[in-house]
**Q** 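My questions will all concern the structure given below.
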Amino acid sequence: MEFKFNVNDIFKQPIVEINNNLIPPGFSGDRRALWDTLGKVSEVVNTMGEASAVAQGLSKPITTAERLRNSEHKLYFLIDQAANNGKGAVTGMLKTGNKGLYVFDRDGQHYQVTPPCILDFYIHESRQRTGLGKHLFEHMLQKEEIEPVKMAIDRPSDKLLGFLNKHYLLNSPVKQMNNYVVFDGFFPKSAEPSHVTESKPSGNLGRKESANGLQKFTSPQGRYGAPRPPCSMGQIIHNQTTNNKNQEPTGVKSLPATNYQGVHLGGAQIVSQ
Ligand code: ACO
């Protein structure tokens, strides 16, 4: 993608990373130069976002300067510094970011996870299938120190699924209801049954984490797992004597399964200790 201005003046490396401040790496200059640069970076983001949306058949872009400014996402741009008579051209864009998701594996086990995600990926039509996508993707993997299989992908196109299959042998996607896709290696290898507990989102109780931030719900431990004293009000309501110390079980069981955010989880059991 060529622009009226000199791309090499604002993007000084073959791959540049932009975040929500929109300031390209290596920028130096006064306030006026900064405003000028921000305007040009915004134009690149919006133009590439628009082209990506058209290539994917989307009704509107998912990548805009405005949205980037209000996010924690990262944008990687691929630059052909020799193109356009030495003024440079932007040939690719890759957007990543962490998203809080509920994902299900093939057995229906559910996980709360905040993995790095592929959110938008585009190589200019004139350069597709020449290895540029792999080049940009590899750069991102190195920078983010992640394996492709540990990432979730937002609404992948057939081209992207073909790309992931060809370069990373990722096939048989596990499609999620939220339109994200993950692959089998995303989940831990020896899956224990997943349980829903009453643990709070802010606490670490009863959780396990893996490299991609995967959290699986397990039984509560420590003082939260200890037997509770009988609740006399509960026993009165249920017409039970209050002097039987073992009347009330700890925890909650056999309720319609919801997680702590109130999402229905299809009959999963809430476990009691
Ligand atoms: N049809 C089918 N497969 C394709 C196509 C295509 N038109 N283009 C790329 N691929 C896949 C194939 O596996 C291809 O290998 P092959 O040529 O041997 O069949 C492989 O990608 C090529 O690898 P690269 O050259 O490294 O990839 P490329 O530079 O083409 O970038 C990308 C891949 C980003 C998917 C690019 O094709 C593109 O921009 N497509 C249009 C936009 C798009 O679909 N983006 C992904 C949206 S989903 C999301 O962003 C989360």
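Just so you know, ligand 1 is whichever comes first in the structure, and atom 1 is the first atom listed for that ligand. For the numbers below, each heavy atom of this structure counts, side chains included, while hydrogens, waters and symmetry mates do not.
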**Q** Over 60° means perpendicular and under 30° means parallel, so tell me whether F5 and F3 are parallel, tilted or perpendicular.
**A** parallel
**Q** Going by the order shown, which atoms of ligand 1 are within less than 4.0 Å of some heavy atom of S157?
**A** 43 (C), 44 (O), 45 (N), 46 (C), 47 (C), 48 (S)
**Q** I want to know if ligand 1 touches I153 in the polar sense, i.e. an N/O pair below 3.5 angstrom.
**A** no
**Q** Spell out, as yes or no, whether a donor-acceptor pair under 3.5 Å connects the side chain of N165 to the backbone of N171.
**A** no
**Q** Considering non-hydrogen atoms of the protein only, which is the closest contact for atom 49 (C) of ligand 1, and what is the distance?
**A** L160 CD2, 3.6 Å
**Q** Considering only the protein, which heavy-atom contact is closest to atom 29 (O) of ligand 1, and what is its distance?
**A** G133 N, 2.8 Å
**Q** Between I123 and ligand 1, find which residue part has any heavy-atom pair under 4.0 Å and reply side chain, backbone, both or neither.
**A** both
**Q** When you group the ILVMFWY residues by side-chain heavy-atom contacts below 4.5 Å and let the links chain together, are L170 and L94 in the same group?
**A** yes
**Q** Can you tell me the protein heavy atom closest to atom 33 (C) of ligand 1 and the distance?
**A** F163 CD1, 3.7 Å
**Q** Among K166, H124, Q56, Q128, which residue places a heavy atom closest to atom 41 (C) of ligand 1?
**A** Q128
**Q** If hydrophobic clusters are built from ILVMFWY residues whose side chains come within less than 4.5 Å, do M1 and V41 share one?
**A** yes
**Q** N/O to N/O below 3.5 Å, does that happen between R129 and ligand 1?
**A** yes
**Q** With atoms numbered from 1 as shown, which atoms in ligand 1 lie under 4.0 angstrom from a non-hydrogen atom of T130?
**A** 25 (O)
**Q** Decide whether an N or O pair under 3.5 Å exists between S52 and ligand 1.
**A** no
**Q** So for ligand 1, is R155 a polar contact partner (N or O within less than 3.5 Å, distance only)?
**A** no
**Q** Which of the atoms in ligand 1, numbered in the order shown and given with their element, are less than 4.0 Å from a heavy-atom of G131?
**A** 24 (P), 25 (O), 26 (O)
**Q** List the closest protein heavy-atom neighbour of atom 7 (N) of ligand 1: residue, atom name, distance to the nearest 0.1 Å.
**A** K159 CE, 3.2 Å
**Q** Could you identify the single nearest non-hydrogen protein atom to atom 51 (C) of ligand 1 and state the distance to 0.1 Å?
**A** D154 O, 2.9 Å
**Q** Is a side-chain N or O of S52 found less than 3.5 angstrom from the main chain of M48, in a donor-acceptor match?
**A** no
**Q** Between ligand 1 and P156, is the shortest N or O to N or O distance under 3.5 Å?
**A** no
**Q** Should D154 and K99 be marked as a side chain to side chain contact (heavy atoms under 4.5 Å, CB included) after you check the CA-CA gap, both sets of side-chain angles, and the distance that decides it?
**A** CA-CA 10 Å; D154 187 11; K99 292 272 182 179; 6.0 Å; no
**Q** For F11 and F77, take the angle between the two ring planes, folded into 0 to 90°, and tell me which bin it lands in: parallel under 30, tilted 30 to 60, perpendicular over 60.
**A** tilted
**Q** I'd like to know if H167 contacts ligand 1, where contact means a heavy-atom distance under 4.0 Å to any ligand atom.
**A** yes
**Q** Any nitrogen or oxygen of F121, side chain or backbone, less than 3.5 Å from one on ligand 1?
**A** yes
**Q** Measure from the side-chain N and O atoms of N179 to the backbone N and O of R155, and report whether any donor-acceptor pair falls under 3.5 Å.
**A** no
**Q** For Y122 and ligand 1, does the shortest N/O to N/O distance drop below 3.5 Å?
**A** no
**Q** Taking only heavy atoms of K134, which atoms of ligand 1 are found under 4.0 Å from at least one of them?
**A** 26 (O)
**Q** Would you find a donor on one side and an acceptor on the other, under 3.5 Å apart, between the side chain of K74 and the backbone of E144?
**A** no
**Q** If two hydrophobic side chains count as joined below 4.5 Å and joins carry through other members, does M93 share a cluster with F163?
**A** no
**Q** Looking just at side-chain N and O atoms, do T47 and E43 make a donor-acceptor pair shorter than 3.5 Å?
**A** no
**Q** Salt-bridge test for D36 and K40: reply yes if a basic N is under 4.0 Å from a carboxylate O, no otherwise.
**A** yes
